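Structure record follows, encoded as structure tokens.
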Protein chains: 2
Amino acid sequence: MTKDTKSKVYQEVLEEIRNYIVDHQLQDGDRLPSERELAEQLNAGRSSVREALRAIELLGLIETRHGEGTFLRSYQPYYSVEILSTFILQETRSQQEVLQLKLLLESQVLSNLSGQISTDLYEKLLSVIVELPKEQLHTFLFTELFNAAGNRLLSKIWHLLEGFSNPIPFEEQNHSFYEQILLWVKENKTESAKEALKKVYILE
Amino acid sequence: MTKDTKSKVYQEVLEEIRNYIVDHQLQDGDRLPSERELAEQLNAGRSSVREALRAIELLGLIETRHGEGTFLRSYQPYYSVEILSTFILQETRSQQEVLQLKLLLESQVLSNLSGQISTDLYEKLLSVIVELPKEQLHTFLFTELFNAAGNRLLSKIWHLLEGFSNPIPFEEQNHSFYEQILLWVKENKTESAKEALKKVYILE
DNA sequence: CAACTAAATTGGTCTGACCATTAACCTAAT
DNA sequence: ATTAGGTTAATGGTCAGACCAATTTAGTTG
């Protein structure tokens, strides 16, 4: 009868912590009670409390500082997404799939930045491109572009894919190719840039 | 010098478990070593191992059965979604980012399937759509579409975002909307479908 | 008042113990 | 030989205590 009732202690602690936050109207940056306090108040062992806290931490909801305490922080899915993505990537390591998604993200960032690149940034990037060895061009440019676009989630996942697609034979392009891409984006001719980029990825 | 090196034990355990899964090519349903074995093999305390396992469990990547062991399972955000939804309410920027990526993936799957939907599948989906309540339409249709598209990476990440974006207010569409989307994809009119989809996501 | 020191607080980690659940094994009755 | 029942071993669930490491706080000293 009491099938659902038997939940683990760390899950109950999870609930209690949530209630605590709501009841005390805690905001980002506010401090939670210490692990020992929580354990005592909730009638649980400290290890159970820690299991709950570690889980929440991995989700990105709290931040722990040694010697100080545990603090609420604004939700950032990036860490957990990263973990999950790595697990998922392990399962589905189809290089095609990785490349397709990578191309998709790169195309998206080009769209996001279409006509949005300042002359300052443009010239700065151009000057670096000239000096960089060929094999670093792609990573460098898109790292900068994702950075400029400001979507950290997109950026995180792209970097992840970047890591996984390293061993994949990639048709390296020369400097003028990336200069052209950059120019197109700056001049709002994103479609041309996307097409050119697509050709680099030998899909199918 | 070794500032960044000092990561917590449970995080290292996380890594090791991931490596173990990769090395042994574990699939959904396969069993992980026992907590005690992991602790010994990784030279860590059992409590640290448990912290890692609990965190992964909350993410929905593993399943634990008392007396039996710990098992890999296909990713199902169950608890994490509930937790996150109560913890996170606002955080517009993060939501925006999740939504943007979600829309991007959905658009991509529409492209992938453009003109590729068999009459059989079309009619099958259509018949289900009619019977489904409004709030389940979106998830259902795209689950099926991602399934049909066959790109598991895309699919997994989408499901992931689907879980994370649950608490986000979503403008629900009626049945005819999704019937139209489906029809457009079947008839190779993907651009129309994408545009319509984009309007559902109120970005910016 | 500033600077240094000692103590208290807090998170990080390990060990060992015990309970609850499940699976595997063995034994005895049919 | 098969099956029912009970015992044993393995595994997760939980707690308590100890110790370390980082940080803050309180106290002391110059």
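Letters A, B, ... mirror the listed sequences (proteins, then strands); counts begin at 1. Since this is a predicted model, take the numbers as computed values, not measurements.
- In this structure, A:Y201 and A:H138 have perpendicular ring planes: the angle between them is above 60°, well past the 30° mark.
- Checked by atom type, the side-chain pair A:S118/A:D120 shows no donor-acceptor distance below 3.5 Å.
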*Encode nucleotides 8-19 of chain C as B, S and - characters from 5' to 3', where the letter depends on protein heavy atoms closer than 4.0 Å: B to the base, S only to sugar-phosphate, - to neither.*
--BBBBBB-BB-
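- B:E51 has no carboxylate O lying under 4.0 Å from a charged side-chain N of B:R54, or vice versa, which leaves the two without a salt bridge.
- Taking a cutoff of 4.0 Å between a charged side-chain nitrogen and a carboxylate oxygen, A:K8 and B:E57 qualify as a salt bridge.
- The aromatic rings of A:H24 and A:Y20 lie parallel to each other, with less than 30° between the two planes, well short of the 60° mark.
- Look at CG on A:L38: it is 17 Å from C1' on D:dT14, rounded to the nearest Å.
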